[in-house]
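Sequence positions, counted from 1, serve as the residue numbers for this chain. No hydrogens, no waters, no symmetry mates; every other heavy atom, side chains included, goes into these values.
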Amino acid sequence: MLAILDYKAGNLTSVKRALDYLAIPCIITADASTIAGCQGLIFPGVGAAGSAMANLHQSGLHEVMAREIAAGKPLLGICLGCQILLEYSPENDTKTLGLIPGSCDMFTPDLTEEDGAPINIPHMGWNTVSLKKDCPLFSGISPESEFYFVHSYYPSPAPEYVIATTYYGKEFCSVHGRDGLWSAQFHPEKSGRPGLKMLSNFYEYCREAANAQ
């Protein structure tokens, strides 16, 4: 069972629909005991960093997440969830969770496409991901696969946590983390077959990790 963490940040039902399609057992929850009984956590989100952090603190989920991650439970962050695993976001001048060293940056209007045209902000649409190190989330996924992005801010973790990058006006980190604690700036649940494969890979990792304990 995977727990989709409910901190009122949106996008929960689309993640659940993708997991239901894959026949992966899952539950949307903020209950600590339910979360403790799950094999892995998905930390999605659409919205602003400030309100997301306020909801996490109000619900106590920030403490639950820290405890479960410290115990070795796998977690996959998505979009806003990817950003607020870091230490700081300039969006709403927000101190974030600090589970991964680094902060967020914002795309700026001076950035241009390869043809010299100014980029549109937010970055919205399909784009490729270039792996910088091996990651089990991408097992069986073609390097040419595209994933769906919607964001104005992007993660800038410490270099040793960069797993993959994407180009949009500049090269930016699109996947960061370490084994068992990963975050993607794109939306795997909206990325067709490659995204579904990524979610399936995460679930298999969670099952293997649980069986190894």
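- Within a 6.0 Å radius of CD in Glu204, other residues, nucleotides and ligands contribute more than 12 heavy atoms.
- Using a 4.5 Å cut-off between side-chain heavy atoms of Ile, Leu, Val, Met, Phe, Trp and Tyr, with links allowed through other members, Ile84 and Val46 fall into different hydrophobic clusters.
- Atom-to-atom distance recorded for Leu85:CG and Ile78:CD1 is 11.0 Å, nearest 0.5 angstrom.
- Taking Thr165 as the reference, Glu171 meet the side-chain hydrogen bond (donor to acceptor under 3.5 Å, both in side chains) condition, with sequence neighbours excluded.
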- [ ] Report the C-alpha separation of Met65 and Leu99 in whole Å, then their side-chain angles, then the decisive distance to 0.1 Å, and conclude whether the side-chain contact (heavy atoms from CB on, under 4.5 Å) test is met.
- [x] CA-CA 9 Å; Met65 288 174 60; Leu99 296 171; 4.3 Å; yes

Only pairs under 3.5 Å count here: list side-chain donor-acceptor contacts from residues 47-57, not counting sequence neighbours, and write none if there are none.
residue	atom	partner	partner atom	Å
Ser51	OG	Ala48	O	3.2
Asn55	ND2	Tyr7	O	3.3
Asn55	ND2	Ser51	O	3.3
His57	ND1	His62	NE2	3.2

- request: Would you sort out whether Leu86 and Cys104 count as a side-chain contact (heavy atoms from CB on, under 4.5 Å), showing the intermediate values?
  value: CA-CA 7 Å; Leu86 300 170; Cys104 289; 4.1 Å; yes

Apply side-chain contact (heavy atoms from CB on, under 4.5 Å) to Leu2 and Cys206, showing your working. CA-CA 8 Å; Leu2 298 182; Cys206 293; 3.9 Å; yes

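- In this structure, Ile100 is not a member of the same hydrophobic cluster as Phe202, with clusters built from ILVMFWY side-chain heavy atoms closer than 4.5 Å.
- Hydrophobic clustering places Phe138 together with Leu199 (ILVMFWY residues linked when any side-chain heavy atoms are closer than 4.5 Å, directly or through intermediates).
- Pairs of residues two or more places apart, or lying in two chains, that qualify as side-chain hydrogen bond (donor to acceptor under 3.5 Å, both in side chains) and include a residue from residues 114-128 are His123-Asn127, His123-His151.
- The CZ atom of Arg67 lies 10.0 Å from the CG atom of Leu61; values are rounded to the nearest 0.5 Å.
- In this structure a side-chain-to-backbone donor-acceptor pair under 3.5 Å is present from Ser145 to Ser142.
- Considering only heavy atoms from C-beta on, Pro157 comes within 4.5 Å of Cys173 through its side chain.
- One finds the CD atom of Glu189 at 9.0 Å from the CG atom of Leu19 (value rounded to the nearest 0.5 Å).
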task: Could you give me the CA-CA distance, side-chain angles and deciding distance for Phe149 and Phe186, then say whether ring-ring contact (aromatic ring centres under 6.0 Å, His included) is met?
output: CA-CA 4 Å; Phe149 291 80; Phe186 55 83; 5.6 Å; yes

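- If you chain together hydrophobic residues whose side chains sit under 4.5 Å apart, Met198 and Val162 never meet in one group.
- None of Thr108, Asp105, Leu111 except one satisfies the side chain to side chain contact (heavy atoms under 4.5 Å, CB included) rule with Lys170; the exception is Leu111.
- When all heavy atoms of Ile119 and Gly169 are compared, the closest pair comes out as CG2-CA, 3.8 Å.
- Residues Pro194 and Ile141 come closest through the heavy atom pair O-CD1, 3.5 Å.
- A donor-acceptor pair under 3.5 Å is absent between the side-chain atoms of Thr112 and the main chain of Pro118, judged by distance alone.
- Cluster annotation: Phe172 is not connected to Met106 through the hydrophobic network of ILVMFWY side chains, with a link wherever side-chain heavy atoms come within less than 4.5 Å.
- Exactly one residue among Tyr167, Tyr153, Tyr154 makes a ring pair (Phe, Tyr, Trp, His ring centres under 6.0 Å) with Phe107. That residue is Tyr154.
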Could you tabulate the donor-acceptor pairs under 3.5 Å formed by side-chain atoms of residues 23-45, not counting sequence neighbours?
residue	atom	partner	partner atom	Å
Thr29	OG1	Asp31	N	3.0
Asp31	OD2	Ser33	N	3.3
Asp31	OD2	Ser33	OG	2.5
Asp31	OD2	Thr34	N	2.9
Asp31	OD2	Thr34	OG1	2.8
Gln39	OE1	Met1	N	3.0

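- Environment of NZ in Lys95: sparse, with no more than 12 heavy atoms of neighbouring residues, nucleotides or ligands closer than 6.0 Å.
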Begin with the C-alpha distance, continue with both residues' side-chain angles, and end with the deciding distance and a verdict on side-chain contact (heavy atoms from CB on, under 4.5 Å) for Leu12 and Lys16. CA-CA 6 Å; Leu12 305 177; Lys16 188 175 189 305; over 6 Å; no

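- Atom NZ of Lys8 has 12 or fewer heavy atoms from other residues, nucleotides or ligands within 6.0 Å.
- Not a single donor-acceptor pair under 3.5 Å links the side chain of Ser89 to the backbone N or O of Thr94.
- A distance of 9.5 Å separates OG in Ser156 from NE2 in His176, rounded to the nearest 0.5 Å.
- Ring pair His187/Tyr148 is tilted by interplanar angle, where 30° to 60° counts as tilted.
- The side-chain hydrogen bond (donor to acceptor under 3.5 Å, both in side chains) test applied to Glu87 returns no partner, not counting sequence neighbours.
- Shown here are the ring pair (Phe, Tyr, Trp, His ring centres under 6.0 Å) partners of Tyr205, two or more places apart in sequence or in another chain: Trp182.
- Ser200 contributes no side-chain N or O that, together with a main-chain N or O of Leu196, makes up a donor-acceptor pair within less than 3.5 Å.
- Around the CG atom of Asp110, the shell of radius 6.0 Å holds more than 12 heavy atoms that belong to other residues, nucleotides or ligands.
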